[in-house]
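Note sheet for the following structure.
Letters A, B, ... mirror the listed sequences (proteins, then strands); counts begin at 1. These values consider heavy atoms only, across backbone and side chains, with no hydrogens, waters or symmetry-generated copies.
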Amino acid sequence: MLDFLGDLRRTHMCGVLRAADAGKKAVLMGWVNRRRDHGNLLFIDLRDRTGVTQIVFNTDRNRAIHEKAEGLRNEYVIAVIGTVKLRDANTINPNMPTGEVELVADELRILNESKLPPFLPSDTALTNEETRLKYRYIDLRREVMQFNIETRHKVAKAIRDYLSGEGFFEIETPFMTRSTPEGARDYLVPSRVQPGTFYALPQSPQMFKQILMISGFDKYFQIVRCFRDEDLRADRQPEFTQIDLEMSYPQPERVWEVVEGFLTAAFAAAGYDIKTPFPRMDYDEGIRLYGIDKPDLRLPPFTDVRECFSSENLQELAINPNLPVIAIHIPKVGELSRKERDDIKPMFHSKGGARVYEDFKRIGNKYPAAAEAIGKNVGAEAGDLIVLVAGSAQAGPQSPVSPHRKVTPQELAVYTSAGLLRLALAQKYAERHQCFQKGDFRFLWVTNFPMFEWDESERQWMAAHHPFTSPHEQDMKLLEEGVEALHDPLSPLSAVRALAYDVVLNGTELGSGSIRIHRQDVQSRIFRALGMTEEEAKARFGFFLEALEYGTPPHGGIALGLDRIVMILAGAESLREVIPFPKTARAVDLMVDAPTPVSEAQLRELGIAIRKTRE
RNA sequence: GGGGACGUAGUUCAGUUGGUUAGAACGCUGCCCUGUCACGGCAGAGGCCGCGGGUUCGAGUCCCGUCGUCCCCGCCA
């Protein structure tokens, strides 16, 4: 028999009662977290989002209530009216915040029962994720999940408060908008009113926020859902939340100050102090020192040890002398077993003919002088792991090349291969090197990205970012020259730097932004550099190009992934731990079971027919 | 699109070289217990070994396929 709530009012949350509350009347409501039945004495741990309080039912005190309480089971929802009692010294539980007190029940209302759940929020072993996601409402009752979602709330609030204080307006932009086939695939929404046409869900409010600058709002932000129809990863969901902002008349440094400001507030809200300003690094330097555009600064950078080998050595090892020879250095890994050394090889994914020399000991046996010099250059101590990555003699340039850009594509291949291996090794031996400590936050601004990337399959230069990213003011001349050499891999386009920047934390890209193009003449030069005719540009971005012509102030901004920030703050390995209702690797919501087919009638109304594909 | 890992009770896992009736812990049910807090004791229920096919005298175990979850590459600001 269930009881009604009636006009009963909760006086305290379950996690707040302390010794000072002793003697008070209290009304608690929550879930039965655990029950310990001692016959005539029954303990219930009552749980809500704030914590747990022990309730005592005692036949001596009240036989009827005790009898009623015996019917309680895990996850029943109850209200208890009782008296807060200081526990006897020998029954204090120092492991819980409410452990000095307990609530002696005078009245019990059973507000709801629960079927036996597939797993319990109080379980110590973690249930498999499939079951957790199907019964997400039970999973979310777990203390960790409650903490993660609370952290998410606090972080978002801190950011809102900070940006509001800095004069930013939070302005909403449409979810049903226009498909601009650029970057990722769009999620499409069919229009019923105009059959055969589609809205797209925004990959980011990019053009809207720029138009808000043209509209005179000066400083805009939004904590906004974005959508991308691409394959998922542990750190990638099809819908995700961005802290999106844009401001008028900024230098990159102005944007960075704002970001450093709200991140300081956000991390403080989660209980962490961070130091600003963040260090800055050129994209080229990131590649050369870490083999990646989002360096994890918690582990040592690369050392180019080409000079440690004689040219005969390099020849014997079949190493290309015109490419860097990279020493990856992971501290304190200790002596590797034969199997561990063998395991390194499959971790290596070669780009452009890069090769791995995982057995440094063998190199030391064969080339003792080189090995000693390498150890010295790297600054390695006994027990540190050194792995070499170099360009194969057969691949890459046969003579030194020096085009405009500081890192050549061949070098990039070697650096990138080494960068991926460095991360894989760092991950694998995390327990040994102990460089990944909770609360160690190494922020970094990566700047001066290349404006264009060479696309080998198209054999032409492509925009590395969206085409509204402004080139560096000093590189305008290269841009002009480069326009004429779109299909030349050595084009001056390779050296054009973008006024783009990423904010990176511990090897995770938190956000990405740029100063935008505000001048029509620069914009059309960029389109030409991308091989786009005026007509093509107009067909794709006409409304936006037109807006640019009505007095656009210089402007720029950035967008940061809220989910990733919270994930790092929560110490989680996956975004799914900080998103209340996430999707699986195949983009399925296991709880609501979406996506689903829709009825023939719905399709007809939309003028859509499903084409069956058969093998 | 490609590569890899996993799938056994409600949950977490074990299951030897292919060999009787597939085990443990937690959870669940019943009984006992007045100071536990991962309470304890006794008894009990609970299995399409993901699904389909094959090899074999015999398959949880070997093979093929398929479905699902996870991780990575490709893809993706």
Side-chain angles (χ1 to χ4, degrees), chain A residues 33-46 52-61 66 70 73-75 85 87-96 98-99 102 104 115-135 138-139 182-186 203-204 206 226-238 240 242 244 293-294 346-351 416-417 420 423-424 427 446 449 457 463-466 469 498 500-504 508-514 558-561 564 573-574 576 583-586 588 590:
Chain A
N33 195 52
R34 226 173 253 281
R35 104 195 184 120
R36 291 179 293 280
D37 187 350
H38 289 245
N40 289 316
L41 180 67
L42 175 64
F43 299 104
I44 295 290
D45 286 343
L46 193 65
V52 164
T53 294
Q54 174 166 283
I55 316 287
V56 192
F57 298 92
N58 191 326
T59 43
D60 282 354
R61 191 179 168 100
H66 176 271
E70 288 202 301
R73 293 294 179 270
N74 283 325
E75 299 309 302
K85 176 181 161 261
R87 296 199 200 180
D88 296 339
N90 60 327
T91 64
I92 285 173
N93 183 348
N95 299 320
M96 51 199 285
T98 60
E102 61 195 4
V104 180
K115 276 172 63 177
L116 178 63
F119 58 94
L120 291 172
S122 57
D123 277 349
T124 41
L126 195 57
T127 301
N128 80 73
E129 207 172 353
E130 214 173 327
T131 311
R132 287 178 55 205
L133 288 175
K134 178 158 184 205
Y135 298 93
I138 295 167
D139 187 47
E182 194 69 37
R185 270 183 283 264
D186 287 321
Q203 298 177 28
S204 92
Q206 184 61 35
C226 299
F227 306 85
R228 284 180 199 148
D229 186 6
E230 295 295 342
D231 287 355
L232 288 81
R233 287 281 194 287
D235 61 352
R236 264 161 38 189
Q237 282 273 314
F240 56 100
Q242 297 231 304
D244 192 50
D293 60 359
K294 42 182 179 180
M347 292 164 75
F348 181 73
H349 298 277
S350 172
K351 315 254 179 204
T416 308
S417 304
L420 291 173
L423 290 180
Q427 199 63 52
V446 178
F449 279 78
S457 59
H465 314 265
H466 58 73
T469 302
Y501 33 82
D502 280 3
V503 58
V504 172
T508 298
E509 178 202 312
L510 286 188
S512 185
S514 65
I558 194 164
L560 278 76
R564 287 185 181 177
E573 295 282 311
S574 157
R576 293 183 299 277
K583 299 196 172 40
T584 69
R586 284 175 64 250
V588 169
L590 291 175

Any side-chain heavy atom of A/T508 sitting closer than 4.5 Å to one from A/K294? no
Quick one: do A/R236 and A/E230 make a salt bridge, cutoff under 4.0 Å? no
For a 4.5 angstrom cut-off between non-hydrogen side-chain atoms, does A/E75 reach A/L120? yes
Quick check: any donor-acceptor pair below 3.5 Å linking the side-chain of A/R35 to the base of B/rC37? no
Using a heavy-atom cut-off of under 4.0 Å over every strand shown, decide if A/R586 touches base, sugar-phosphate, or nothing. sugar-phosphate
Select base, sugar-phosphate, or nothing to describe what A/I44 touches, counting heavy atoms under 4.0 Å on all strands. nothing
Answer yes or no: is there a side-chain heavy-atom contact under 4.5 Å between A/Q237 and A/R576? yes
If the cut-off is 4.0 Å, is A/R185 near the phosphate of B/rA77, judged by side-chain N/O to OP1 or OP2? no
Which nucleotide, if any, forms a Watson-Crick or G-U wobble pair with B/rU20, using both distances under 3.5 Å? none
Does the structure show A/H38 stacking with B/rC39, if we require the centres to be closer than 5.5 Å and the planes to be within less than 30 degrees of parallel? yes
For A/G513 and A/S574, find the nucleotide of RNA chain B closest to each by heavy atoms; which residue's nucleotide sits nearer the 5' end? A/S574
What is the nucleic acid contact for A/L126, judged by heavy atoms within less than 4.0 Å: base, sugar-phosphate only, or nothing? sugar-phosphate
Any A/L133 side-chain heavy atom under 4.5 Å of A/D139 side chain: no
Within this structure, what is the CG-to-P distance between A/N58 and B/rG35, rounded to whole angstrom? 10 Å
Could you tell me the Watson-Crick or G-U partner of B/rG52, where both distances fall under 3.5 Å? Say none if there is no partner. B/rC64
Which of these nucleotides, B/rA77, B/rU34, B/rC37, is closest to any side-chain atom of A/R228? B/rA77
In whole Å, what is the span from the CZ atom of A/R233 to the P atom of B/rA77? 13 Å
B/rU12 P sits how many Å from A/E129 CD, rounded? 12 Å
Let's test this: given Watson-Crick or G-U wobble pairing with both distances under 3.5 Å, identify the partner of B/rU69. B/rA5
What's the closest nucleotide to the A/P118 side chain, out of B/rG10, B/rC37, B/rU36? B/rG10
Looking at every strand, decide which applies to A/T91 at a 4.0 Å heavy-atom threshold: base, sugar-phosphate, or nothing. base
Is any side-chain N or O of A/N90 under 3.5 Å from a base N or O of B/rG35, one able to act as donor and the other as acceptor? no
I want to verify a distance call: between B/rA77, B/rG35, B/rC70, whose nearest atom is closest to the A/F43 side chain? B/rG35
State whether a side-chain donor-acceptor pair under 3.5 Å links A/D88 with A/T91. no
Tell me which nucleotide among B/rU36, B/rU69, B/rC71 gets nearest to the side chain of A/L590. B/rU69
Rounding to a whole Å, what distance do you find between A/N40:CG and B/rG35:P? 10 Å
Does some side-chain heavy atom of A/R564 sit less than 4.5 Å from a side-chain heavy atom of A/E509? yes
Heavy atoms of other groups near A/K85 NZ, more than 12 under 6.0 Å: yes
How is A/D229 classified with respect to the nucleic acid when contacts are heavy atoms under 4.0 Å: base, sugar-phosphate, or nothing? nothing
To the nearest Å, how far apart are A/L41 CG and B/rG41 C1'? 17 Å
Could you run down the sub-3.5 Å N/O contacts of the protein with nucleotides 23-28 of chain B?
| unit_1 | atom_1 | unit_2 | atom_2 | d |
| --- | --- | --- | --- | --- |
| B/rC28 | OP1 | A/N74 | ND2 | 2.7 |

Name the nucleic acid region contacted by A/Q427, choosing base, sugar-phosphate or nothing; use a 4.0 angstrom heavy-atom cut-off, strictly under. nothing
Assign A/N33 to base, sugar-phosphate, or nothing according to its heavy-atom contacts below 4.0 angstrom with the strands shown. nothing
Tell me if the side-chain of A/R132 makes a donor-acceptor pair with the base of B/rU11, cut-off 3.5 Å, by modelled atom types. no
Between B/rA77, B/rC75, B/rU12, which nucleotide gets closest to the side-chain atoms of A/E230? B/rC75
Using the P atom in both, what is the distance from B/rA22 to B/rG60, to the nearest Å? 10 Å
Determine whether any donor atom in the side chain of A/R236 lies under 3.5 Å from an acceptor atom in the base of B/rC76, or the reverse, and answer yes or no. yes
B/rC49 and B/rC72, which share atom name P, separated by this distance in whole Å: 32 Å
In the structure I gave you, are the side-chain heavy atoms of A/Y501 and A/V446 within less than 4.5 Å of one another anywhere? no
Can you identify which nucleotide, out of B/rG74, B/rA77, B/rU36, has its nearest atom closest to the A/D231 side chain? B/rG74
Considering every strand and a 4.0 Å limit on heavy-atom distances, what is the contact class for A/Q242: base, sugar-phosphate, or nothing? nothing
Once you apply a heavy-atom cut-off of 4.0 Å, does A/N128 come out as touching a base, just sugar-phosphate, or nothing? sugar-phosphate
Within the structure shown, what part of the strands sits under 4.0 Å from A/S122 by heavy-atom distance: base, sugar-phosphate, or nothing? nothing
Can you tell me the base-pairing partner of B/rU36? Count Watson-Crick or G-U wobble geometry only, both distances below 3.5 Å, and say none if there is no partner. none
base_contact_polar (B/rC33 base, A/D37 side chain, donor-acceptor, <3.5 Å): yes
With heavy atoms under 4.0 Å as the rule, sort A/R564 into base, sugar-phosphate or nothing. nothing
Flag the pair A/R36 and A/D45 as a salt bridge only when some basic side-chain nitrogen lies within less than 4.0 angstrom of an acidic carboxylate oxygen. yes
Flag the pair A/T584 / A/L590 as yes when at least one side-chain heavy-atom distance between them is below 4.5 Å, and no otherwise. yes
Return the value, rounded to whole Å, for the distance between atom CZ of A/F57 and atom C1' of B/rG35. 15 Å
Taking a pair to mean Watson-Crick or G-U wobble geometry with both distances below 3.5 Å, B/rG44 pairs with B/rC28
What's the CG-C1' distance between A/D502 and B/rA77, to the nearest Å? 8 Å
Separation of atom CG in A/D235 from atom P in B/rC75, rounded to whole Å: 16 Å
Return yes if some donor-acceptor pair links the side-chain N/O of A/Q203 with the main-chain N/O of A/A184 below 3.5 Å, else return no. yes
Sticking with atom C1', work out how far B/rG50 lies from B/rC39, rounded to a whole angstrom. 37 Å
Base, sugar-phosphate, or nothing for A/R36, non-hydrogen atoms under 4.0 angstrom? base
Inter-nucleotide C1' distance (B/rA45, B/rA9), Å rounded: 11 Å
Donor-acceptor pair under 3.5 Å: do we get one between A/E130's side chain and the base of B/rG50? no
